[in-house]
Number of protein chains: 2
Amino acid sequence: MTPPASLPSRQRGPGRPREFDTDLALDRAIAVFSERGYHGTAISDLTQALGLTAGSLYKAFTDKRGLFLATFDRYVALRAEGLRAALDAASTGRAKIRAVLDFYADSSHGPDGRRGCLVVASAVDLATADAAVAARVAGALDVNEGRLAALVALGQADGTVAPHLDAAVTARLLLCVLQGMRLIGKTGRHATEMAAVADGALKLLD
Amino acid sequence: MTPPASLPSRQRGPGRPREFDTDLALDRAIAVFSERGYHGTAISDLTQALGLTAGSLYKAFTDKRGLFLATFDRYVALRAEGLRAALDAASTGRAKIRAVLDFYADSSHGPDGRRGCLVVASAVDLATADAAVAARVAGALDVNEGRLAALVALGQADGTVAPHLDAAVTARLLLCVLQGMRLIGKTGRHATEMAAVADGALKLLD
DNA sequence: TTGATTGGGAAACGATCATTTCCTATAAGG
DNA sequence: CCTTATAGGAAATGATCGTTTCCCAATCAA
């Protein structure tokens with residue numbers, strides 16, 4: 001229907017070109033999988049939300065699990081991109097950690113908060129049944145934890161975080177706060193509630 | 001087969017008595033629903049784990065959702081009971097909060113941690129689709145948050161928690177830490193890791 | 001233009017799902 | 001003893017699930 005855009009996954013080989021934007025489809029799949037979970041999402045839910053027929057969907061992503069994995073990867077990439085932007089706007093280690101907390105507070109209130117985090121949803125829905133998903137969830141959390149540890153160390157180097165703290169433990173503790181915000185955000189919280197949590201968590205750096 | 005025990009739900013009316021212990025069946029259902037999620041659990045999974053046929057299961061719990069709700073309530077009651085015991089062993093407000101943190105650290109490592117929390121699983125799996133489940137999840141979290149707020153206030157009264165802290169915000173922050181521990185515990189953590197998180201969280205009371 | 005290759009899409013497929021039936025067994029009340 | 005009421009359990013039921021098939025359209029290489 002619409003003229004084809006650039007295809008990142010296949011650089012114009014033979015055959016009919018894809019008519020839909022893969023990333024846009026994955027963006028919509030993020031919303032569906034996030035609020036319904038993997039097992040709670042039917043192919044019909046996806047075809048309706050993505051505006052695709054089952055045939056096209058299977059041609060592009062092999063099967064439901066393949067679509068989920070691609071959706072998961074896109075979600076992690078998008079979140080990392082947004083977080084990087086928030087981090088670049090802060091200078092000191094403490095300010096960067098505050099930026100992370102604020103980023104999660106922003107994501108954990110209102111309708112977006114209710115929709116929830118796809119990593120959290122994957123951890124509880126698939127991590128015990130699917131080894132590949134479990135590895136990606138653990139990897140995403142490890143990246144997050146490692147990033148926090150680096151920021152704590154940065155803050156200790158620039159004097160904005162207490163030097164006696166164990167960076168690894170503090171990072172793990174902050175990770176719990178972040179994931180906990182995402183979890184309780186599913187019950188519908190106000191922006192001010194979550195902002196206060198983010199503020200209070202800074203005490204962990206003293 | 002076995003002689004009937006005491007039936008709490010029905011005090012010996014007419015008809016054939018139930019042959020299985022309802023609470024024992026629910027205890028097994030907790031494990032199944034916790035690690036597979038609601039949508040990921042099939043009736044056949046439950047009949048196998050509980051040692052019941054589908055007919056008996058439907059006679060006792062109406063349908064899958066009814067069994068889930070009963071399982072959820074039993075889980076919350078069991079957790080509250082365990083937590084109460086841990087709380088009674090501590091005297092000061094700070095000691096009681098430490099007991100809560102240790103209780104969650106104990107639940108969030110190893111195989112039990114991997115199995116996960118049924119409240120967390122319900123929050124991400126059903127809270128957006130089922131209003132009754134959403135209300136129970138929100139209620140369970142509210143009870144937890146209120147209990148933490150009372151303990152913070154208790155600690156401020158007995159001088160073991162910093163008096164200038166906002167009890168409500170600190171309680172919400174602690175709730176995030178607890179739920180976050182449950183979440184990252186799904187990726188398989190060691191007891192020492194989670195114990196360190198519990199220790200570090202006490203800094204929030206200074 | 002022709003052949004090879006891929007995507008779009010409706011319909012069909014077998015499998016599995018939650019649930020119900022139907023029958024037998026076991027109790028209480030009269 | 002007879003009626004009523006509930007539980008146990010195997011089998012059947014209809015719906016829905018994920019997936020495939022089949023046919024046509026669109027593009028590239030020659």
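Proteins come first, then strands; the chains are lettered A, B, ... in the order of their sequence lines, and each starts at number 1. Because the structure is predicted, anything quoted here is derived from the model rather than measured.
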Atom-pair distance ([atom1] on [X]; [atom2] on [N]), nearest Å:
X     : N      : atom1 : atom2 : value
B:H39 : D:dT16 : NE2   : P     : 14 Å
B:F20 : D:dT6  : CZ    : P     : 15 Å
A:K64 : D:dT19 : NZ    : C1'   : 12 Å
B:I43 : D:dA10 : CD1   : C1'   : 16 Å
B:R36 : C:dA18 : CZ    : P     : 11 Å
B:L50 : D:dG9  : CG    : P     : 13 Å
A:Y58 : C:dG9  : OH    : C1'   : 15 Å
B:F61 : C:dT20 : CZ    : C1'   : 18 Å

From the set [options], return the single nucleotide nearest to any side-chain atom of [X].
X     : options                : answer
A:S56 : C:dA28, C:dG8, C:dC17  : C:dG8
B:A54 : C:dT19, D:dC17, D:dC22 : C:dT19
B:T53 : C:dG8, D:dA10, C:dC17  : D:dA10
A:R16 : D:dG18, D:dA26, C:dT19 : D:dA26

### Residue pair B:Y75 / B:D27, side-chain donor-acceptor N/O under 3.5 Å
no
### Task
For residues B:A86 and B:A99, report the shortest heavy-atom separation together with the two atoms involved.
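Residues B:A86 and B:A99, closest heavy atoms: O-CB, 3.7 Å.
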### Query
Which part of the nucleic acid does B:T41 contact within heavy-atom distance under 4.0 Å: base, sugar-phosphate only, or nothing?
sugar-phosphate
### Query
Are A:R79 and A:Y104 in a cation-pi setup, meaning NZ or CZ lies under 6.0 angstrom from the ring centre and within 45 degrees of the ring axis?
yes
### Query
Any sub-3.5 Å donor-acceptor pair from A:S107's side-chain atoms to A:F103's backbone N or O?
yes
